[in-house]
Colleague: 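The structure under discussion is supplied below as structure tokens; questions concerning it will follow.
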Amino acid sequence: MPDFVDAPRVTRPDLDADLDALSLDQALLDVEIANARVADLTQRLLEAGEQIRALNDAVEAERAGHAASAARLAQVESSQAYRLALKAHSVRTMLRR
Amino acid sequence: MSQPASNAPARVLIGVLVYGGRHFVPRCVESAARVSAGSEAVVDTLVLDDCTPDEQFSAALGQQCAQLGVGYYRSPRNVGIPRNMNLALLESMASRYDYVVVANSDVVFPVNLADQLVATARTDATIGSITPWSNDVSIYRLLNEDPERNLSDPATVDWISSTFAAEFDTETFPIPTGVGYCLFIPTAVVRDVGLFDPVFGRGYCEEVDWCLRSHARGYRSVLAPGTFVYHMGSASTREAGVLQAAATTVWEHEHIVDLRYPRYRTEIDEFFARGPMEAARLRGLHRLLVQAARELGWSLELSELARPGEEFDVVRVVVSPEGDDPSAVAHWRGYSARLDTPDRATVLATLEALTGRAPEVVRVLETGAVTRSVLREAQTHEGRIEIVRSAPYPERV
């Protein structure tokens with residue numbers, strides 16, 4: 001029987017070759033996993049980007065709607081009819097006191 | 001006739017991860033070899049040199065390993081800590097070890113490392129990883145004033161570990177995650193959970209990820225207070241350039257952990273809130289100081305202030321001369337523990353009963369009720385007790 005059988009496994013003559021092989025095999029697996037993760041994260045990034053674009057569009061639409069409403073309100077508040085109604089309301093309030 | 005498999009000694013592989021460190025690696029390897037020689041388990045050590053740039057150091061380390069019967073492998077390329085650890089796990093499975101230890105090289109192992117941790121692992125099949133206690137083991141540490149000076153000697157490490165083994169035996173505390181400075185893992189668990197994730201690049205947080213992954217598969221991470229390993233702390237990771245000078249972690253890796261395990265930080269907070277570590281520390285240090293006093297001797301100091309001591313081995317017990325604080329505080333090699341002395345009239349007798357021996361010397365630095373009482377006890381003591389009087393001025397006004 002070879003002498004090294006009674007010696008620790010970790011001092012066997014082909015330790016370097018064995019660990020080189022383990023290291024290489026695992027490195028190849030690690031690369032596969034890393035590539036799969038890149039593909040997965042790229043897909044998620046794209047989906048997140050789409051979602052952000054959709055949300056931005058919705059925000060812009062809301063802003064446009066809000067601006068139109070604000071402009072209409074300003075128009076109403078600057079009309080003669082509104083100013084007369086406001087004055088009448090103040091007089092009524094004063095008389096009630 | 002061959003022994004039945006159930007009686008066969010456990011086979012343990014210690015994987016020591018190396019990248020430089022000529023000032024601390026050799027003593028780590030020596031200590032691992034002593035574990036092999038002093039264990040009932042069959043213990044082999046494999047030094048995994050992650051392509052240290054200093055080839056002379058690597059050559060010398062290879063020679064040391066050959067002389068000690070320790071395996072040595074130098075990676076042709078630097079692969080980083082997680083992948084280097086994975087080599088230890090892969091070899092442990094390929095060569096059918098029962099357990100694998102992955103450890104930094106800035107540690108000193110106690111001779112009882114393997115036998116203690118194997119016994120601990122065998123208490124519960126759900127244990128996925130065991131982290132031994134240390135002066136520097138993340139949030140579970142036993143802080144020491146000057147660990148390199150006080151604790152790094154192998155005989156001291158052995159003694160502390162055996163003292164803790166006597167106190168805690170195979171007791172364990174569940175912890176949120178193991179610590180990669182020294183992690184003991186059954187190879188059956190490695191087969192189930194997998195390897196360390198190489199996404200953690202050159203290192204840090206890979207053991208957190210692994211342990212949390214193991215928890216998802218029903219395993220537990222535990223701390224074993226009955227085993228003590230000396231850890232220099234961050235030396236091996238700074239040597240490898242994983243940590244910047246002032247950093248204590250790699251924040252990019254912490255963010256990966258936070259993303260994968262949103263409850264992890266909460267679990268840490270809950271662990272602190274439960275507070276098992278403080279009780280364990282008090283218990284461990286009390287046992288350590290009392291045992292040291294029993295074996296090495298002790299001196300009694302009557303003083304309000306804890307002054308730096310001159311003795312290195314003898315335990316210094318400091319007692320308030322007025323008895324304002326009813327307890328005595330023992331100091332030894334950078335560790336302290338309170339010893340109960342409830343009766344001020346019998347402080348000397350109480351401490352003698354606790355330690356099993358009279359003090360080597362009584363130093364009187366200040367007078368007071370307790371000082372007078374101790375001196376009375378010393379006068380009527382069966383054997384002669386040396387009394388030394390010193391003036392504390394100008395330390396106390």
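Any value given below was found using the heavy atoms of this structure, including those in side chains, with hydrogens, waters and symmetry copies removed. In what follows, every chain begins at residue 1, and chains take the letters A, B, ... in the order their sequences are listed.
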Colleague: Just wondering, do B:L17 and B:D50 contact through their side chains at under 4.5 Å, heavy atoms?
Modeller: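 Not in contact.
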
Colleague: Taking A:T11 for the side chain and B:V70 for the main chain, is one N or O donor matched with an acceptor at less than 3.5 Å?
Modeller: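 Checking the backbone N and O of B:V70 against the side chain of A:T11, no donor-acceptor pair under 3.5 Å is found.
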
Colleague: What part of B:T45 lies closer than 4.5 angstrom to a heavy atom of chain A: side chain, backbone, both or neither?
Modeller: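 Answer is backbone: N, CA, C or O of B:T45 sit under 4.5 Å from chain A.
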
Colleague: Checking heavy atoms, do the side chain of B:Y72, its backbone, both or neither come under 4.5 Å from chain A?
Modeller: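 Just its backbone gets close to chain A.
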
Colleague: Pick one of side chain, backbone, both or neither for A:A34, based on which atoms fall under 4.5 Å of a heavy atom in chain B.
Modeller: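 Neither part; nothing is under 4.5 Å.
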
Colleague: What part of A:D25 gets within 4.5 angstrom of chain B, counting heavy atoms only: side chain, backbone, both, or neither?
Modeller: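 For A:D25, there is no contact with chain B at all, as no heavy atom is under 4.5 Å.
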
Colleague: For B:A41, is there any backbone N or O sitting under 3.5 Å from a side-chain donor or acceptor partner on B:D115?
Modeller: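 A pair under 3.5 Å: yes.
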
Colleague: Centre-to-centre under 6.0 Å for B:Y204 and B:H253, is that the case here?
Modeller: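 When the ring centroids of B:Y204 and B:H253 are compared, they turn out to be at least 6.0 Å apart.
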
Colleague: Measure distances from B:N84 to the heavy atoms of chain A and classify the residue's part below 4.5 Å as side chain, backbone, both or neither.
Modeller: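 Answer is neither: B:N84 stays 4.5 Å or more from chain A.
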
Colleague: Ignoring hydrogens and geometry, is there a side-chain-to-backbone donor-acceptor pair from A:S23 to A:D20 under 3.5 Å?
Modeller: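 Absent.
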
Colleague: Where on B:R11 is there a heavy atom nearer than 4.5 Å to chain A: the side chain, the backbone, both, or neither?
Modeller: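 Just its side chain gets close to chain A.
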
